[in-house]
Amino acid sequence: MELEHTIVAGLARQQSFTVKGEHSAAHIGSGTVGVLSTPSMIAFMEITARTLLDKHLPDSHTSVGVQVSVSHLAACPLGAEVEARVEVLSVDGRRITLTVEAWHGDTNLGAGTHQRVIVDKARFLERATG
């Protein structure tokens, strides 16, 4: 599969999420307060990245996260709307590198990079359960 022709630098997506109790640091266990947890913020970024890439892949393929390097820059309260923004930086064979950000209004909650690898779903599951 020629990914360079379907997934290219500059492809971008934005997706909104509402911060719920299950996304809080206290609930996840990564902290003790009721604000957006770092793992949940990263999950919002990864979901947005996967959704972007899935739109450019055949149904037999998906992407899996293999690396995340993100700084959590600001707190965000429960009930807030968070916008995750991702953009493809580069494509190297099956490896896709993206910039990722999370925003609450004008506040940058987090930023960094994320790498995903394109896999054949059936082969990937076979190896995982094999």
Looking only at non-hydrogen atoms, find the nearest pair between [X] and [Y] and report the distance.
X	Y	answer
A49	R116	CB-CD, 3.8 Å
M41	A102	CG-CB, 3.7 Å
E22	S40	O-OG, 4.3 Å
A111	M45	N-CE, 4.2 Å
G34	A26	N-CB, 4.5 Å
I7	L11	CA-CD1, 3.8 Å

For Q14, side-chain hydrogen bond (donor to acceptor under 3.5 Å, both in side chains) partners two or more places apart: none
With H104, which residues qualify under side-chain hydrogen bond (donor to acceptor under 3.5 Å, both in side chains), at least two apart?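 H104: no side-chain hydrogen bond (donor to acceptor under 3.5 Å, both in side chains) contacts found.
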Please check if [X] and [Y] belong to a single hydrophobic cluster, counting links between Ile, Leu, Val, Met, Phe, Trp and Tyr side chain heavy atoms closer than 4.5 Å.
X	Y	result
L57	F124	no
V19	I28	no
V66	V70	no
L73	W103	no
V88	V8	yes

Validation row: [X], [Y] side chains within 4.5 angstrom (heavy atoms):
X	Y	value
V100	T48	no
C76	V82	yes
L78	S24	yes

Could you walk me through whether E81 and S16 pass the side chain to side chain donor-acceptor pair (under 3.5 Å) check? CA-CA 7 Å; E81 286 294 312; S16 293; 4.7 Å; no
Could you tell me the separation between the [atom1] atom of [X] and the [atom2] atom of [Y], rounded to the nearest 0.5 Å?
X	Y	atom1	atom2	value
S63	R94	OG	CZ	11.5 Å
T6	I118	OG1	CD1	8.0 Å
T113	L89	OG1	CG	8.0 Å
H114	E101	NE2	CD	14.5 Å
S90	I96	OG	CD1	7.5 Å
N108	S71	CG	OG	9.5 Å

For this output row, return yes or no: ring centroids of H23 and F44 closer than 6.0 angstrom.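 Judged by ring-centre distance (under 6.0 Å), H23 and F44 do meet the cut-off.
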Whether D92 side chain and R95 backbone form a donor-acceptor pair below 3.5 Å: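 Here the side-chain-to-backbone pair does not exist.
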Any chance the side chains of H72 and T38 put a donor and an acceptor closer than 3.5 Å? yes
Is there a donor-acceptor contact under 3.5 Å linking the side chains of T62 and D54? yes
Decide, yes or no, whether a salt bridge links E87 with R13 under the criterion of side-chain N to carboxylate O below 4.0 Å. no
Please evaluate residues T51 and Q15 with respect to the criterion side chain to side chain contact (heavy atoms under 4.5 Å, CB included), reporting the C-alpha separation (whole Å), side-chain torsions for both, the decisive distance (0.1 Å), and the verdict. CA-CA 9 Å; T51 303; Q15 192 166 335; 3.8 Å; yes
Run the side chain to side chain contact (heavy atoms under 4.5 Å, CB included) check on T99 and V86 step by step: do they pass? CA-CA 6 Å; T99 58; V86 303; over 6 Å; no
Taking everything shown except K121 itself, do over 12 heavy atoms lie less than 6.0 Å from its NZ?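 It does: K121 NZ has more than 12 such atoms within range.
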